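Notes to accompany the following structure.
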Amino acid sequence: MVGPCTVEDAAIDENRMMRKPDFIIAGAPKCGTTALCEFLDQHPQVCISKVKEPRFFIAEIGVLDAGGPLGPGPLRSGTFDRGWAWYSSQFDHKPMATSFGEATTQYISSMGTPQMIHEHLPGVRLIFMYRDPVDRLYSHYWQDRRAGLDLPDFAVALDQKHPRLDHYFNISHYRRNIERFLEFFGANQMLHVTIDQLKSDVRATFDLVCEFIGVGQGFSLSDTNRTVNQQRSPRSVRLQRLITGMTRSTITNRLSPGIRDILRWTRSKVMRANQVPMNYPELSKDIRILLLEQFRADVDYVEALTCQDLSHWKLP
């Protein structure tokens, strides 16, 4: 006769049922992570989290929640407090999948993230994506402008040493960020991909990623030429700021998970309806030359990681 199930046994059974990712696309932002996610989501063996950036392994409070001037740090807080049941639910919509993954661009620069991931997922495989660090920084600045942040002109921000620029610079210093992950993970657990690589040969790059995460190669992809995650600007900056303020973690954390998901969905729909395609101005050659000097070592580092010739990243 089987005895009654104890609380401890129930906890063990629940833990066994928890779905956890076996791979994570850990950044960097503005480097093609959304496109890679969409390609992987087409694969029948791969399940990508419902929320593209769940931000689960982040302990930092986002600057939009912290209040005060927009200094360095992510805009939005982490979600670890929502618990493993919520995180596991992000992977329950594709039960026949054999590989589960998520992509959070904040992971690459969040200080406590490598240790948090290692503590809970020591065998996870990590994918990092890179872009010309100056172009990445400048694109990130315009993404925040698009989100409604009150930032001065880029040249003025540089001249005034605006505190928000520290965040963009920190992410583009790839070497210091990757070395933090190497303190906890072996090099064989990491795959390094450039956005140039993905754009120039989607098929080969996709197969490389599939091999790395352990799923079948040669799967036929659709819409490989479609522009993904195009920069957009708000029709109404006031509405953009209002929606962003109403969905800050300091407010939504007091609500039930179901209500928070509805708010997240509503926020996404309203913000998308409030946006139009944006072509931001080209960075001046003088500013690019100035910034290049600060990232040459990082370009050399990514060249070594990816075994690619990235000399064009070093040109003004």
Side-chain angles (χ1 to χ4, degrees), residues 25-33 53 55 58-66 68-78 103-114 128-183 192-196 229 231 280-306 310-316:
I25 302 172
K30 312 310 300 173
C31 294
T33 60
E53 300 210 22
R55 309 191 312 275
I58 292 176
E60 296 172 272
I61 297 176
V63 296
L64 291 179
D65 300 322
L70 289 171
L75 290 182
R76 298 177 181 88
S77 303
T104 297
T105 57
Q106 291 177 202
Y107 287 161
I108 193 172
S109 59
S110 295
M111 293 303 295
T113 289
F128 296 93
M129 298 194 69
Y130 309 94
R131 177 181 181 179
D132 176 321
V134 176
D135 288 347
R136 194 221 66 79
L137 183 159
Y138 189 54
S139 178
H140 202 159
Y141 159 83
W142 278 104
Q143 175 179 271
D144 279 2
R145 284 274 298 259
R146 179 201 69 184
L149 270 64
D150 186 15
L151 295 170
D153 179 80
F154 189 75
V156 174
L158 278 174
D159 185 60
Q160 295 178 348
K161 295 181 172 57
H162 193 284
R164 187 69 190 150
L165 294 184
D166 290 343
H167 180 55
Y168 310 142
F169 274 82
N170 177 49
I171 296 172
S172 283
H173 281 303
Y174 300 130
R175 179 169 186 161
R176 68 172 67 153
N177 288 311
I178 297 305
E179 286 181 344
R180 287 187 300 103
F181 279 87
L182 285 169
E183 293 178 18
H192 307 278
V193 180
T194 67
I195 192 172
D196 308 52
N229 202 25
Q231 286 274 27
Y280 54 81
E282 185 176 348
L283 185 65
S284 76
K285 185 174 181 179
D286 289 343
I287 292 179
R288 178 168 175 80
I289 291 172
L290 178 68
L291 296 179
L292 271 174
E293 293 305 314
Q294 303 186 47
F295 294 109
R296 287 190 182 277
D298 296 284
V299 175
D300 291 341
Y301 188 69
V302 176
E303 277 188 319
L305 289 175
T306 61
L310 300 176
S311 55
H312 56 290
W313 287 10
K314 304 173 187 178
L315 298 176

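In this text, all values refer to a predicted model and were calculated from it rather than measured experimentally.
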(request) Check whether any side-chain heavy atom of L64 lies under 4.5 Å from a side-chain heavy atom of L70, and answer yes or no. (result) yes
(request) Could you tell me whether a side-chain N or O of T105 sits under 3.5 Å from a main-chain N or O of P29, the two making a donor and an acceptor? (result) no
(request) Could you tell me which non-hydrogen atom of S109 sits nearest to which non-hydrogen atom of N177, and how far apart they are? (result) CA-OD1, 3.6 Å
(request) Output yes when a side-chain donor or acceptor of S77 lies under 3.5 Å from a complementary backbone atom of I61, and no otherwise. (result) no
(request) Would you check if S172 and H140 make a side-chain contact, meaning some heavy-atom pair closer than 4.5 Å? (result) no
(request) Mind listing the closest non-hydrogen atom pair of Q294 and H173 along with its distance? (result) O-CE1, 3.1 Å
(request) Classify the angle between the aromatic ring planes of F128 and F181 as parallel (below 30°), tilted (30 to 60°) or perpendicular (above 60°). (result) perpendicular
(request) Flag the pair Y138 / L291 as yes when at least one side-chain heavy-atom distance between them is below 4.5 Å, and no otherwise. (result) no
(request) Please name the pair of heavy atoms, one in D166 and one in P72, separated by the smallest distance, quoted to 0.1 Å. (result) CB-CB, 4.0 Å
(request) Indicate the atoms forming the closest heavy-atom contact of A28 with T33, along with that distance. (result) O-CG2, 3.7 Å
(message) Test side-chain contact (heavy atoms from CB on, under 4.5 Å) on I108 and M129; report intermediate values, then the result.
(response) CA-CA 10 Å; I108 193 172; M129 298 194 69; over 6 Å; no
(request) Assign the ring pair Y280 / W142 to parallel, tilted or perpendicular, where the plane angle (0 to 90°) is split at 30° and 60°. (result) parallel
(message) Looking at Y107, is its backbone amide N or carbonyl O close enough to the side chain of T104 to form a donor-acceptor pair, meaning the two atoms are under 3.5 Å apart?
(response) no
(message) Between R175 and V302 (side chain of the first, backbone of the second, donor and acceptor by atom type, cut-off under 3.5 Å), is there such a pair?
(response) no
(message) Do F154 and L137 have side chains that approach each other closer than 4.5 Å (heavy atoms only, starting at C-beta)?
(response) yes
(message) Within the structure provided, determine whether T113 and I58 are in side-chain contact (heavy-atom separation under 4.5 Å).
(response) yes
(request) Please examine the side chains of N170 and R176, heavy atoms only from C-beta on, and report whether any two atoms are closer than 4.5 Å. (result) yes
(request) Say whether, by atom type as modelled, one donor and one acceptor occur between the side chain of R180 and the main chain of P114 under 3.5 angstrom. (result) no
(request) With sequence neighbours excluded, give me every salt bridge (charged side-chain N to carboxylate O under 4.0 Å, His left out) pair touching residues 284-293. (result) D132-R288, D135-R288, E293-R296
(request) Output the distance between atom CZ (R131) and atom NZ (K30), rounded to the nearest 0.5 Å. (result) 7.0 Å
(request) Hey, can you tell me if F169 and F295 have their rings parallel, tilted or perpendicular (30° and 60° cut-offs)? (result) parallel
(message) Is the distance between the ring centroids of Y174 and Y301 under 6.0 Å?
(response) no
(request) Compare all side-chain heavy atoms of I178 with those of Y130 and state whether any distance is below 4.5 angstrom. (result) yes
(message) Let me confirm one number: the CZ-CG distance from R145 to D153, rounded to the nearest 0.5 Å.
(response) 7.0 Å
(request) Kindly indicate whether the side chain of R164, heavy atoms from C-beta on, has any atom under 4.5 Å from the side chain of L75. (result) yes
(message) Under 3.5 Å, is there a donor on one side chain and an acceptor on the other for H167 and D144?
(response) no
(request) Locate the shortest heavy-atom distance separating I195 from G32; write the atom from each residue and the value. (result) CD1-N, 3.8 Å
(message) Run the side chain to side chain donor-acceptor pair (under 3.5 Å) test against Q160 and tell me which residues pass, sequence neighbours left out.
(response) none
